[in-house]
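Chain letters run A, B, ... following the sequence lines, proteins first, then strands; residues in each count from 1.
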2 protein chains.
Amino acid sequence: MPIQTSSPSRKEREFIAREELILKHARRLLLEKGFQAWNMDQLAEAVEYSKGTLYQHFSSKEDLVLGVATQSLRQRADLFEQAATFQGRTRERCRAIGFACCEFAMAHPDYFHTDMLLKSSSFVEKASQERREAHAFEGMRCWRAVNTIIIEAMALGDLPKDRVTAEQATFALISVTVGSHIMSQEPNLKVFAGIKDQMQAVRLNQDLICDGLGWKPLLHEHDYRATDLRILKEIFPSASKWLKAA
Amino acid sequence: MPIQTSSPSRKEREFIAREELILKHARRLLLEKGFQAWNMDQLAEAVEYSKGTLYQHFSSKEDLVLGVATQSLRQRADLFEQAATFQGRTRERCRAIGFACCEFAMAHPDYFHTDMLLKSSSFVEKASQERREAHAFEGMRCWRAVNTIIIEAMALGDLPKDRVTAEQATFALISVTVGSHIMSQEPNLKVFAGIKDQMQAVRLNQDLICDGLGWKPLLHEHDYRATDLRILKEIFPSASKWLKAA
DNA sequence: TATAAATTTGACCAATGGTCAAAACTTGCC
DNA sequence: GGCAAGTTTTGACCATTGGTCAAATTTATA
């Protein structure tokens, strides 16, 4: 039997498949019950392996949850990079990423809450080094997708360079996006702010930041309704549910 | 002995004092170790009361943490309302609240992380109804402090009414603020974004939102450096550490 | 001081994240 | 097929910890 260094052996494939099975069920439990209201015994029963086997894949419950979050974040980065290929002016491409993030948030309604959990050092310290690095890597991909467009926008003159650096602009967009996704899920705030469509609220805040940055064309200078329809058609053809929002 | 309905009896005063003692030590543990890495036995030992006594004040560990967070949030609301009295144009007063929030964030470096914990339904469900209501009340005070200024700004014509409603504007400011506070604590992002002063990063993002809203006078139309010095002198005279940032 | 009421205590319980020796299974050889 | 060595899986078991409650202690009252 030849040793295949390139393609994984049957054992390795089974190991990977099982890991994905575990992650799938853990994700479901996390979505249904949050972090606390399920335990490793329940998960073991759900995946039809023993608890000991779970711990061959994940060093702790926190490590497992970080694994779930990283899987999600990878999808987010994929969507960001896909959206960045949108043909149009820089601000339109940035807008496409905004849509990508909303698409992601709808597919993963618990992601931002879980991600906030991860920001507790006491939480993330219980996860393995590798998984922490994998998570940081996917986070970097998201950052870079936005940052690249902003650098290009500055080079083209769409975005003034004298107000903020490209990095400050990227940080502003990411902050407002995460903050808006979190706050728009808050029941009290939803009532106060009269939020009917959470994703629309998020994108409005992104628009405000972009206008504040002076990113041409400004909101009132361009027919972004047409852009939105193109984004939905070209980048997210499956997201027909959004047509009303655009 | 006359029954005093107005002023609390000695017993009641002792009860309140003990509750504050418990909250004080719980806050310290929370700041030092996060949520998980301390237990009720350690807290009982620290306050020199038994665990049973702790549970006469708080229905669960989560209830206790919510109590700590609400105490903090009350201070935040106090600072907001104090800052709102700043004499100046509406945007300057909003800016004063921005400073208040930074002042608060420096005094409570763990607050936003804890607050994110609270947003997990599985967490807050374990807290008592009264404490949940108390927390919502203080949150509302913060919201109102901002919202009131925005309504006034729209009435005075400082803030255009045709772009967004007062509530949308308030939501945008709160979202960017919370998002920026959280993200500016993220070590990876701090490196990518080259953040040296976290609070300055937060306030820059607030400025971008205000400019995006068209809130007069815009950043480049006014000497906000002078405003900042006045805010620090008149509202936060103790915050001399900030003079460099202003 | 004696009795009753109120408060405090900490041993105890149940739940749960994590471990590891033993069982079960796979592989390779004759 | 049968056996032995190696590998994987298992679940009983452990330690920790949030939460309880009957007993002990303290306080108020007569």
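Rounded to a whole Å, the CH2 atom of A:Trp38 is 10 Å from the P atom of C:dG18. Distance, A:Met40 CE to D:dG11 P: 16 Å, rounded to whole Å. Summarising the geometry, the separation between OH on B:Tyr49 and C1' on D:dT26 is reported as 13 Å, rounded to the nearest angstrom. One can place NZ of A:Lys61 at 18 Å from C1' of C:dT19, the figure rounded to the nearest angstrom. Per the geometry, CG belonging to A:Leu43 stands 12 Å off P belonging to C:dG18, to the nearest Å. Atoms OH (A:Tyr55) and P (D:dC14) sit 17 Å apart, rounded to a whole Å. One atom, CG of A:Leu29, and another, P of C:dG17, lie 11 Å apart when rounded to the nearest Å. Taking atom CZ of A:Phe15 as the reference point, atom C1' of C:dT26 lies 17 Å away to the nearest angstrom.
Under the 30°/60° scheme for interplanar angles, the aromatic rings of A:Phe104 and A:Tyr111 are found to stand perpendicular. Below 30°, between 30° and 60°, or above 60°: for B:Phe112 and B:His181 the angle between ring planes is below 30°, a parallel geometry. The aromatic rings of A:Trp143 and B:Phe192 sit tilted, their planes meeting at an angle between 30° and 60°.
At least one donor-acceptor pair under 3.5 Å links the side chain of B:Ser60 to the backbone N or O of B:Lys126.
Out of D:dT10, D:dT20, C:dT9, the shortest distance to the side chain of B:Lys51 is found at D:dT20.
If you find the closest nucleotide of DNA chain C to A:Thr53 and to A:Asn39, the one lying nearer the 5' end belongs to A:Asn39.
At the phosphate of D:dT8, neither OP1 nor OP2 sits under 4.0 Å from any side-chain N or O atom of A:Arg18. Contact check, B:Gln56 against C:dT7: no side-chain N or O comes under 4.0 Å of OP1 or OP2.
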